[in-house]
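Some notes on the structure that comes next.
Computed from a prediction, not measured in an experiment: that's the story for all the values here.
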Amino acid sequence: QVQLAESGGGSVQAGGTLRLSCAASGQESNQIYCMGWFRQAPGKEREGVASTERDGSFAYMDSVKGRFTLSKDSAKNILYLQMNSLKPEDTAMYYCATRVRYGSVCLDNYFGMDYWGKGMQVTISS
C-alpha cells in the first residue's frame with residue numbers, strides 16, 4: 001500500500017504560480033517505480049501533466065513544458081510540481097499518483113497507476 005498526501009492547490013490569477021506537493025508513505029513506498037501528476041477538467045479525460053521514473057527521468061505534457069517543473073525529494077519521498085505562468089486552461093482537479101510495478105512511462109498511462117491521491121482543485125482566473 002502507498003498513501004499519497006497532496007497539498008498546495010488553490011486559486012490564482014493567470015500568470016501566477018502554485019506549488020503542488022505529494023508525500024508518499026506506506027509499506028510499498030520504497031518500491032515506487034514512477035510517480036506523477038495528472039489532471040482532469042470538467043467534461044474532459046484525465047491526462048498526464050508530469051511524471052518521473054525510477055531512473056530519474058522526467059516527462060511533461062507539451063502544453064506545460066517551460067512552465068511547470070517537476071522535482072522529487074527521494075529521501076523524503078515527496079514529489080513537487082512548480083507551476084509558473086499559469087493559464088485558465090490549467091484549471092482542473094490535480095491528482096498525484098504512483099505505480100509500484102514496472103511498466104511504460106507513467107505520463108501516458110494514467111489507467112495503469114496503482115495508487116491515487118484524493119485530488120486538489122486548481123483554478124486559474126483570467
Side-chain angles (χ1 to χ4, degrees):
Q1 289 278 335
V2 176
Q3 290 78 45
L4 300 172
E6 303 151 324
S7 60
S11 300
V12 297
Q13 289 189 327
T17 65
L18 284 172
R19 190 191 194 203
L20 307 184
S21 299
C22 175
S25 62
Q27 288 184 326
E28 294 183 287
S29 60
N30 61 347
Q31 301 171 31
I32 289 174
Y33 184 83
C34 67
M35 198 167 174
W37 289 97
F38 299 79
R39 70 186 185 187
Q40 188 166 19
K44 295 188 177 181
E45 188 176 1
R46 192 167 296 189
E47 57 186 359
V49 178
S51 68
T52 181
E53 310 294 313
R54 183 176 287 177
D55 64 3
S57 61
F58 293 87
Y60 297 88
M61 67 185 304
D62 287 343
S63 65
V64 307
K65 288 178 181 177
R67 300 189 297 121
F68 292 10
T69 303
L70 191 67
S71 60
K72 186 179 181 185
D73 184 334
S74 296
K76 298 181 180 179
N77 246 347
I78 301 176
L79 187 69
Y80 301 99
L81 183 66
Q82 178 67 42
M83 305 190 294
N84 299 331
S85 302
L86 284 159
K87 302 176 180 180
E89 50 264 44
D90 294 318
T91 295
M93 281 290 290
Y94 282 69
Y95 300 88
C96 177
T98 189
R99 192 179 70 218
V100 297
R101 298 167 291 113
Y102 173 81
S104 54
V105 174
C106 275
L107 186 72
D108 303 324
N109 294 282
Y110 73 85
F111 45 84
M113 304 303 280
D114 294 318
Y115 300 102
W116 290 86
K118 294 181 179 180
M120 300 181 293
Q121 180 66 40
V122 170
T123 302
I124 313 303
S125 57
S126 57

List the residues meeting side chain to side chain contact (heavy atoms under 4.5 Å, CB included) with K76, not counting sequence neighbours, and say none if there are none. D73, I78
For L18 against G8, the heavy-atom pair lying closest together: CD2-O, 3.8 Å
How would you list, by chain and number, every residue that makes a side-chain hydrogen bond (donor to acceptor under 3.5 Å, both in side chains) with Q1, sequence neighbours excluded? none
Taking the side chain as every heavy atom from C-beta outward, state whether V12 and T17 have any atom pair closer than 4.5 Å. no
Could you list the residues that satisfy side-chain hydrogen bond (donor to acceptor under 3.5 Å, both in side chains) with R67, not counting sequence neighbours? D90
With sequence neighbours excluded, residues passing side-chain hydrogen bond (donor to acceptor under 3.5 Å, both in side chains) with Q40: R46
Just to verify, what does M120 make a side chain to side chain contact (heavy atoms under 4.5 Å, CB included) with, not counting sequence neighbours? E6, L20, W37
Which atom pair, heavy atoms only, marks the closest approach of A50 to L70? C-CD2, 3.9 Å
Residues at least two apart in sequence or cross-chain that pass side-chain hydrogen bond (donor to acceptor under 3.5 Å, both in side chains) with D55, listed by chain then number, are S57
Under 3.5 Å, side chain of S51 to main-chain N/O of L107, donor-acceptor pair present? yes
For G26 and Q3, which heavy atoms make the closest approach, and how far apart are they? CA-OE1, 3.4 Å
Quick one: disulfide bond (SG atoms under 2.5 Å apart) pairs with a partner in residues 36-72, sequence neighbours left out? none
Among all residues two or more places apart in sequence or in another chain, which pass the side chain to side chain contact (heavy atoms under 4.5 Å, CB included) test with T69? Y60, Q82
Which pairs with one or both residues in residues 96-117 pass salt bridge (Lys or Arg N to Asp or Glu O under 4.0 Å), sequence neighbours excluded? R101-D114
List the residues meeting ring-ring contact (aromatic ring centres under 6.0 Å, His included) with Y33, not counting sequence neighbours, and say none if there are none. Y102
Do the non-hydrogen side-chain atoms of Y95 and L4 ever get within less than 4.5 Å of each other? no
Would you say K87 and I124 make side-chain contact, with heavy atoms under 4.5 Å? no
Hey, could you give me each pair passing disulfide bond (SG atoms under 2.5 Å apart) that has a residue in residues 97-126? Not counting sequence neighbours. C34-C106
Identify, with sequence neighbours excluded, every residue that meets side chain to side chain contact (heavy atoms under 4.5 Å, CB included) alongside Q31. E28
What is the minimum heavy-atom distance between Q27 and N30, and which atoms define it? O-OD1, 3.4 Å
